[in-house]
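So the structure is just underneath, and the comments pick up after that.
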There are 2 protein chains.
Amino acid sequence: METKLPTFNSVFSVDCVIFGFEAGELKILLIERNEEPYKDWLALPGYIVEQDESIDNAAERILYELTGLRDLHMQQFHTFGEVNRHPQGRVITVAYYALIRINGQKELKPITQYAKSAFWHPVNELPKLAFDHSEIFQTGFNKLRRRLNYQPIAFELLPEKFTLTQLQSLYEAVLNKKLDKRNFRKKMLSYGFLKELDEKQKGVSYRAAKLYKFDRRKYTKIFQNELSVEG
Amino acid sequence: METKLPTFNSVFSVDCVIFGFEAGELKILLIERNEEPYKDWLALPGYIVEQDESIDNAAERILYELTGLRDLHMQQFHTFGEVNRHPQGRVITVAYYALIRINGQKELKPITQYAKSAFWHPVNELPKLAFDHSEIFQTGFNKLRRRLNYQPIAFELLPEKFTLTQLQSLYEAVLNKKLDKRNFRKKMLSYGFLKELDEKQKGVSYRAAKLYKFDRRKYTKIFQNELSVEG
DNA sequence: ATTTAATGGTGTAAATCTCACACAGTATAT
DNA sequence: ATATACTGTGTGAGATTTACACCATTAAAT
């Protein structure tokens, strides 16, 4: 007894809010659109989901095609479904976010023609974005901020080896407030998932700081209980 | 330069995970389906979003049509987008949840023919549900549990006037563990958003407990900072 | 060689929060 | 009156959070 689903002129898309951290500043990944509507506008990397791919897979594919980045662990955070959010018809969009280290080596380079370019932009002083992308970004940023309070997601944004001061300024950038140096260090070190290295910072004209690494194995061991409730 | 969106045979739906609390048990709202596929199965109240309504509105409408309940504050919590989650085609579904008091007066009564009946079912010992609804339920339940730790959402589930013991057993049901009575009371009262009433419980064959009310005004005042970060 | 500029790195005390734990009081039913 | 069943209350130990200031180290400038 196979009935038919209704056919609407409706599509799903995904949009990606990708955070990076560079030169003491929190940034997100934007593209310059090369397609109507909103041609030449800045936008979050996003596109339409194919009929035969899951939205999770679509998110990975689309990010790759528009920016050249792949293999990030993106997570869905909200779905935007207002009727008129897209001028050409009914499009609901599932928004994903991820945090990555900005790696000067990896070039940002759109694979498709839909984007003219992809680049990092500081989260402060964002220009107006295409569609409702400003709202999507803001929702994602709030999510990130709240999440930082119970998960050490900051490590995804830093280079493999980092100083405690870098870690702290990342926290300060995300939370948008000053933290106390001594308390911050004490707390971070007390978690036990930071590995102190025998190396020091290079190329600074002041006392060089010790470098640390994030020890994912220890982290997982410590937090597996809390994470098992993850939905 | 109006290009056209692609037309897929794809639709969006919403599914609702509605929690209630009754007789010391946490329950969710289920329907008995009256339509293929999964005719006669139990399922979460859910249906297809119309082309000219936002998903938030769709959630309210659909819940009403399938169960007779309206005016709850539902919140989206996850979107499920696997390719084969629906046997008749590509359907992605946005899952919503809400907490309400089960009110014996309000009858559960489907308005449409799509549901044979709607009823409350304890969250423990849930039968297998239609589609991927068991997974959707589980994700929603995890969300509820985590949320309870930082927001007093429990009050939505209780009658207007309640005893501290009722409040505690609700927490215990959601978190699935015993709590200490003295610590629980101390903590709840310390928040300052419980209003002690001059009334007592009636109709019990033991010492009657004091009744309390949740004071939403005070709550909002106390927590406005934290909530303003809400995404 | 000395100074300057910039950041690195460290401890302590008070206040608050968390957690474990047990028993007398009171309303009702018989 | 007495049995039953739940209400309502306090304390101390330990852990966590917060506020707070100065000397150490390095490279560059003089």
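Chain letters run A, B, ... following the sequence lines, proteins first, then strands; residues in each count from 1.
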Original post:
For DNA chain D, which residues in residues 192-214 of chain B have a heavy atom at a distance below 4.0 Å?
Top reply: Tyr206(B), Arg207(B), Ala209(B), Lys210(B)

**OP:** Could you give me the CA-CA distance, side-chain angles and deciding distance for Gln75(A) and Arg147(A), then say whether side-chain contact (heavy atoms from CB on, under 4.5 Å) is met?
**Re:** CA-CA 12 Å; Gln75(A) 272 190 46; Arg147(A) 184 124 178 256; 3.4 Å; yes

Original post:
What is the distance, rounded to the nearest whole Å, between atom CG of Leu189(B) and atom P of dT7(D)?
Top reply: 14 Å

Subject >> Side-chain N,O (Thr165(A)) to OP1/OP2 (dG8(C)) below 4.0 Å >> reply: yes

**OP:** Look at the aromatic rings of Phe19(B) and Tyr97(B) and report parallel, tilted or perpendicular, splitting at 30° and 60°.
**Re:** perpendicular

**OP:** Return the value, rounded to whole Å, for the distance between atom NZ of Lys187(B) and atom C1' of dG10(D).
**Re:** 18 Å

**OP:** Side-chain contact test, heavy atoms from C-beta onward, threshold under 4.5 Å: evaluate it for Thr79(A) versus Ile92(B) and give yes or no.
**Re:** no

Tabulate protein N/O versus nucleotide N/O from nucleotides 11-16 of chain D, keeping only pairs under 3.5 Å, one per line.
| from | atom 1 | to | atom 2 | distance (Å) |
| --- | --- | --- | --- | --- |
| dT11(D) | O4 | Lys186(B) | NZ | 3.0 |

Subject >> Between dC19(C) (P) and Lys178(B) (NZ): distance, integer Å >> reply: 17 Å

Subject >> Residue Phe184(B) excluded, over 12 heavy atoms near CZ under 6.0 Å >> reply: yes

Original post:
Which nucleotide in the list dA22(C), dC20(D), dG8(C) gets nearest to the side chain of Asp180(A)?
Top reply: dC20(D)

Original post:
Between Arg185(B) (CZ) and dC21(C) (C1'), how many Å, whole number?
Top reply: 16 Å

Original post:
Separation of Gln168(B) atom CD from dG8(D) atom P, in whole Å?
Top reply: 12 Å

Original post:
So does Lys109(A) have more than 12 non-hydrogen atoms from other groups sitting under 6.0 Å from NZ?
Top reply: no

Original post:
Using 30° and 60° as the class limits, which term best fits the ring planes of Phe131(B) and Tyr38(B): parallel, tilted or perpendicular?
Top reply: tilted

**OP:** Cation-pi check, Arg145(A) to Phe141(A): give yes when NZ or CZ is under 6.0 Å from the six-membered ring centre and within 45° of the ring axis, no otherwise.
**Re:** yes

**OP:** Using the closest heavy atom to pick a nucleotide of DNA chain D for each, name whichever of Lys181(A) or Thr163(B) lands nearer the 5' end.
**Re:** Thr163(B)

Original post:
What residues form a ring-ring contact (aromatic ring centres under 6.0 Å, His included) with Tyr212(A), not counting sequence neighbours?
Top reply: none

Subject >> Residue-phosphate contact under 4.0 Å: Arg182(B) side-chain N/O, dG8(D) OP1/OP2 >> reply: no

Subject >> Lys/Arg-Asp/Glu bridge criterion (N-O < 4.0 Å) met for Arg70(A), Glu60(A) >> reply: no

Original post:
Can you tell me how far P of dG8(D) sits from CE of Met188(B), to the nearest Å?
Top reply: 16 Å

